[in-house]
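Values in this document were obtained by computation on a predicted structure and should not be read as measured data. Throughout, protein chains are lettered first and strands after them, A, B, ... in sequence-line order, and every chain is numbered starting at 1.
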Number of protein chains: 2
Amino acid sequence: MSVKKQPVTASDVARLAGVSQSTVSRVFIDGSSVSATAREKVFAAAKELNYRPNAFARSLTTNESRLIGLVFPDSDYPIHMETLQLLSKELQKNGYSAVLIPWELDDQQQHSIPNIFQYRVDGVMAASAQFNTALYEECRDFNIPIVQFARIEEGTKCSSAISDNYSAGKIAARTLVQRGAEQLAYLTGNIPAYTNTERLEGFTEELQSLTGQTPRDIQTSYVYEEALDGIRAVLAEDHHPDAFFCSTDTLAIALMDIARSEFGLSIPEDIQVIGFDDIPQASWLGYQLSTFKQDFNRLAKEAVKLLLNQVQSEDRALVKLMIPVELVERNTLRK
Amino acid sequence: MSVKKQPVTASDVARLAGVSQSTVSRVFIDGSSVSATAREKVFAAAKELNYRPNAFARSLTTNESRLIGLVFPDSDYPIHMETLQLLSKELQKNGYSAVLIPWELDDQQQHSIPNIFQYRVDGVMAASAQFNTALYEECRDFNIPIVQFARIEEGTKCSSAISDNYSAGKIAARTLVQRGAEQLAYLTGNIPAYTNTERLEGFTEELQSLTGQTPRDIQTSYVYEEALDGIRAVLAEDHHPDAFFCSTDTLAIALMDIARSEFGLSIPEDIQVIGFDDIPQASWLGYQLSTFKQDFNRLAKEAVKLLLNQVQSEDRALVKLMIPVELVERNTLRK
DNA sequence: CTGAAAGCGCTTACAG
DNA sequence: CTGAAAGCGCTTACAG
């Protein structure tokens, strides 16, 4: 039955190295006092036997797993794969590993989330995804810290590392006004999000302070196909906006596609557009979209730092970290 | 220091339920014989105390972790996020969880992969990414089964669930010939892959049997920006191909962008194109790309089944599972 | 069906 | 600096 090769243990290494099992254990714990000779003998034996300390046994005594639960994006949003790599690597660098928590489980929703907690994750990273309240409450019950990455879920109270959406909104308004736009609109999807609200707030406040106007707030869908009709309706109006700040690049691209192919509009002559995210498609030949680039690298580093800090210090102070965002100009803004 | 709430254990539950700790343990193991009354008392107590069996303690005795290492894609390829969800859910359904293995670690490459093995993953799923040989060898040393998902790495011997690339190649050739194409080309990136080879083989063999011709094999880069020059060079030729089968949709789109904007070519009148993957962008208004859709849902299910089968049965027979692929026609093929 | 007890592979006071 | 021993929270023969 169990043909599985019997794993080598610290005792095996101890025997070969001629030391006690305790000593072997100490060699693999940073900061333990072990003589240089003992250390060498143990390393040699460990290498010969291909020994790896058993993390499960360790966590049983230390009561920490060095495992972080990762709630990850629900959508195919192109930027997210890289983000996951960044987070995973950053955790790894700090001696932690990421366990995936599927955010949505069709059937046995009740059943599956707790499963993850059988692994006693030390913390949870909610990576730019909606995460359900069951998970949130579970974490609170077990006093497991959560950090939200790149977005903030309504009604939750946890630390977060997000882009400075408010400033992005201000910059977008200022830039568009500078380039001669007269009727500004904010184009967004249908999923309420704190980041979105902030962006609109910055956009609105800056526009008001500059011109006294209030931008139009147009809501449609985040899915390309589903956004099309909403956009059509707006562009069909006699006095449609001449400048759009879009909450995702995909939305901006849907807008460009329709504006050009169905309304014969030129960009940026007839309408100007600014996106958000800088997905790979933003720089495709047919788009050359001016958009905000989020600093995911920094975001990942900071989010991990935030989380591990809470994990290690038991300090549950809430911090909301805002990372600056950069407007990369391509060809959808007038000069 | 350790303010961490002391987790509740099986003994706590046993005390409250008025049974032995063994009985509590049995209640949470499927197939153990426990009386209905005992079971109920334990469930009640467990619920009241919010008890979760400790997976680490379990795996220490059972010698299985119910953890699967997941090597995941290096690229921003849009299709992959969904794939990850599918794999993760499928594992979860079977009582397993996925731990991420960052495929590439800049500095301490040697050091980090073994770290993962401190968690004694029961198996490894290599999800459409290149995975390095260090990991491969590590798995072999520890007798940990690997299944490759959606691609096959050169020089490795493990089971895999992939799309039927060979047939896709044949279908592409047949379709293109049927639609009047005369000079067929296969456009691909610069990373050698078994799946790619198979696709070209099917494409070539079918074309030869149909017309006696051999398709041109054009290699450029998988990255949009880097592919542009190679594509330009081909289209600048006097007698460039009039039909392209592209190994990714991104490549197909780069081709379309250049053909139309720089060479004034119409699609599908002047050139016909077929992509591979059916990424969301393939159905954007400006592209309407005819392309092959991989059945990722089925692929994920089968790959997980394959892997867990190896994990649970110690059966290390190599199986290469091929899932049919579907050509979805849009507007880049003549009628 | 059930309980007492050994054991999984570590860490960590406790002595020395 | 080092070893013997207890203990982490489970599972699993072994008796009953």
Sequence neighbours excluded, which residues qualify as ring-ring contact (aromatic ring centres under 6.0 Å, His included) partners of B:Tyr51? B:Phe28
ring-ring contact (aromatic ring centres under 6.0 Å, His included) filter on B:Tyr96, not counting sequence neighbours, yields none
Set of side chain to side chain contact (heavy atoms under 4.5 Å, CB included) partners for [X], sequence neighbours left out:
X	result
B:Ala193	B:Arg151, B:Thr195, B:Asn196
B:Arg15	B:Ser11, B:Asp12
B:Thr61	none
B:Ile29	B:Ser25, B:Ser32

Pairs: protein N or O with nucleotides 6-9 of chain C N or O, under 3.5 Å:
residue, atom, partner, partner atom, Å
C:dG9, N2, A:Ala57, O, 3.4

How would you list, by chain and number, every residue that makes a salt bridge (charged side-chain N to carboxylate O under 4.0 Å, His left out) with B:Arg66, sequence neighbours excluded? B:Glu64
Name all residues meeting the salt bridge (charged side-chain N to carboxylate O under 4.0 Å, His left out) criterion together with A:Arg39; count only those two or more places apart in sequence or in a different chain, and write none if there are none. none
Got a list of side-chain donor-acceptor pairs under 3.5 Å for residues 304-311 of chain B, not counting sequence neighbours?
residue, atom, partner, partner atom, Å
B:Gln310, NE2, B:Ser159, OG, 2.9
B:Gln310, NE2, B:Ala317, O, 3.3

Given that A:Ser59 and B:Thr37 both sit by DNA chain C, which one's nearest nucleotide is further toward the 5' end? B:Thr37
Would you classify B:Ala55 as touching base, sugar-phosphate or nothing, given that sugar-phosphate means primed atoms plus P, OP1 and OP2, and contacts are heavy atoms under 4.0 Å? nothing
Report yes if some heavy atom in the side chain of B:Ser59 is under 4.5 Å from a heavy atom in the side chain of B:Arg120; otherwise report no. no
Under a cut-off of 3.5 Å for both distances of each Watson-Crick or G-U pair, what dot-bracket string does DNA chain D give, using [ ] for crossing pairs and | for inter-strand pairs? |||.||||||||.|||
Grab the CG-P distance between B:Asp30 and D:dC10 for me, whole Å please. 17 Å
Quick one: B:Ile29 CD1 to C:dT2 P, roughly how many Å, whole number? 14 Å
Can you pull every protein N or O that's under 3.5 Å from an N or O on nucleotides 13-16 of chain D?
residue, atom, partner, partner atom, Å
D:dA13, N6, B:Arg26, NH2, 3.1

